[in-house]
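These notes are about the structure you will find just below.
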Amino acid sequence: MKGRKSELGKFAGGLYTTSVEAFIPNTGRGIQGATSHCLGQNFAKMFEINFENEKGEKSMFWQNSWAYSTRTIGVMAMVHGDNKGLVLPPKVSALQVIVIPVPYKDADTQGIFDACAATVVTLSDAGIRAEADLRENYSPGWKYLNWKMKGVPLRIEKGPRDLANNQVRAVRRDNGEKADISRVFLVEQVKGMLDKIQQNLFDVAKQKRDACIEVVKTWDEFVKALGQKELILAPWCDEEEVEKDVKARTRGEMGAAKSLCTPFEQPELPEDIEGVAEDSISSSWKSQGLALLQVECYLMLHSMVVYPTQNLNLVLLKQCFVATLCTSFFNHDC
């Protein structure tokens, strides 16, 4: 979900911050994937960073800062992974296709191995990242499970029957579908399968995310949805004191509500709608009428993880990928 950070959540000293927020349906947690900070001229003024403009006059820089965080690797593992291991989207997988020989007794083992190697060459020449697992000390079944756990998008099997019919069997990692492919159409059909895997992973992830989005309009609805680990869209005023108050009021054993962003794509709102936390706003703030008249958008929120010790926080900051994987596989906070 792409949007703008709240005033409380933006980069300190910056003008505004935009972000891409991810959501993990299985845990009900939001994770910031990427940010872009418009720093304005605040830091240029502070450090006297000047340049000469086209008129020969001294001007101060406008600065930006942005990053795509490695924590998105962990998000990928949690969103797409299953109980069998990783499931990697083809576009980012270091290995897109693994070719495995399946020799039987009295089969032409060397012929099968040679055909596997030739299959890898054909795919590699077409720009597909492919390798063959020709290790003889592991059975084909063991190799299937091994590469399935590693999340390789497509597995190609080559046995005596495939060799005789000049074909291969392809098995998708995302849904387990199998297809026999003629060597004549190998590159074309493998590329098509990889494209379908990529699209299917996106569609499934989006469906799961959308199913977790709850639009609320009252405080009671907000608290209920938060307890169900939903991704909440709520009318919001973007006042720092109100956001602090919401955090304080929702703090519990599992953490507290935390704003993620104000999505760029906004649903329509009635003109007279109140803010979700309107009943908690101070009288001086309410007198300005902002909660009732100037609520123009929805804010996305989620329940924020609160970790018990400073040392654990430090470990998680340094090893965010490992911690994220841990949350995925054990389904609890590390």
Side-chain angles (χ1 to χ4, degrees), residues 1-23 29-76 92 231 233-248 255-266 269 275 277 281-282 284-285 287-291 293-302 304-307 310-311 313-321 323-324:
M1 301 289 279
K2 295 173 286 187
R4 181 166 173 158
K5 283 289 191 183
S6 67
E7 286 299 302
L8 190 63
K10 73 177 183 180
F11 185 84
L15 197 59
Y16 65 87
T17 293
T18 59
S19 68
V20 177
E21 305 289 341
F23 182 69
R29 304 298 189 192
I31 300 178
Q32 182 175 283
T35 53
S36 178
H37 310 292
C38 177
L39 304 179
Q41 294 178 304
N42 293 340
F43 294 95
K45 293 175 182 177
M46 187 184 304
F47 296 102
E48 299 181 356
I49 307 174
N50 302 310
F51 71 99
E52 188 176 292
N53 62 25
E54 65 273 12
K55 297 179 181 179
E57 301 170 344
K58 280 190 175 182
S59 296
M60 289 192 173
F61 282 101
W62 283 76
Q63 295 175 300
N64 292 305
S65 169
W66 60 89
Y68 183 77
S69 172
T70 52
R71 77 186 64 158
T72 53
I73 298 173
V75 173
M76 176 185 65
V92 297
L231 190 61
L233 284 171
W236 197 250
C237 57
D238 201 14
E239 288 286 321
E240 292 187 28
E241 291 305 316
V242 177
E243 186 168 350
K244 291 178 182 178
D245 183 65
V246 169
K247 284 185 180 181
K258 180 182 184 298
S259 67
L260 290 180
C261 69
T262 300
F264 293 137
E265 296 182 6
Q266 288 288 323
L269 278 173
I281 302 167
S282 66
S284 61
W285 189 87
S287 66
Q288 300 176 31
L290 296 178
L293 303 176
Q294 297 184 14
V295 180
E296 299 177 347
C297 52
Y298 281 80
L299 179 76
M300 186 189 305
L301 302 107
H302 76 128
M304 177 180 61
V305 182
V306 175
Y307 297 103
Q310 185 177 0
N311 289 337
N313 242 337
L314 185 61
V315 170
L316 289 174
L317 286 172
K318 289 183 177 180
Q319 304 291 341
C320 59
F321 176 48
T324 309

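Numbers for residues simply follow the sequence, beginning at 1. All values reported here derive from a predicted model rather than from experimental measurement.
Listed for the Ser6 side chain is a donor-acceptor partner under 3.5 Å among the backbone atoms of Gly9. Using modelled atom types, one side-chain atom of Arg71 and one backbone atom of Gln32 make a donor-acceptor pair closer than 3.5 Å. In this structure, the side chain of Lys10 engages the main chain of Gly14 through a donor-acceptor pair within 3.5 Å.
From Leu260, atom CG reaches atom CG of Leu231 across 6.5 Å, with rounding to the nearest 0.5 Å. Asp245 contributes atom CG, which lies 13.5 Å from atom CD of Glu240 (distance to the nearest 0.5 angstrom). For the atom pair Lys58 NZ and Phe51 CZ, the distance stands at 12.0 Å (nearest 0.5 Å).
Looking only at side-chain heavy atoms (C-beta outward), Val246 and Ser259 stay at 4.5 Å or farther from each other. Within the 4.5 Å cutoff, the side chain of Val92 has no heavy atoms near those of the Ile73 side chain. The side-chain heavy atoms of Leu39 and Phe11, taken from C-beta on, include a pair separated by under 4.5 Å.
Residues passing the ring-ring contact (aromatic ring centres under 6.0 Å, His included) test with Phe43, sequence neighbours excluded: none.
Closest of all the heavy-atom pairs between Thr35 and Ser19 is CG2-CB, 4.0 Å. Nearest heavy-atom pair across Leu15 and Gly40 is CB-N, 4.2 Å. Contact between Lys247 and Ala257 at its shortest, heavy atoms only, is CG-O, 3.1 Å.
A cation-pi arrangement, defined by a distance under 6.0 Å to the six-membered ring centre and an angle within 45 degrees of its axis, is present between Arg4 and Tyr16.
A side-chain hydrogen bond (donor to acceptor under 3.5 Å, both in side chains) check over residues 39-50, counting only residues at least two apart or in different chains, returns nothing.
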Side chains of residues 59-66: which donor-acceptor pairs under 3.5 Å do they make with residues two or more places apart or in other chains?
from	atom 1	to	atom 2	distance (Å)
Ser59	OG	Asn53	ND2	3.0

(message) Evaluate Thr18 against Lys5 for side chain to side chain contact (heavy atoms under 4.5 Å, CB included), listing each step before the verdict.
(response) CA-CA 6 Å; Thr18 59; Lys5 283 289 191 183; over 6 Å; no

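Shown here is Glu265, whose CD atom has no more than 12 heavy atoms of other residues, nucleotides or ligands within 6.0 Å. Remark: Tyr68 OH is loosely packed, at most 12 non-hydrogen atoms of other residues, nucleotides or ligands lying under 6.0 Å away.
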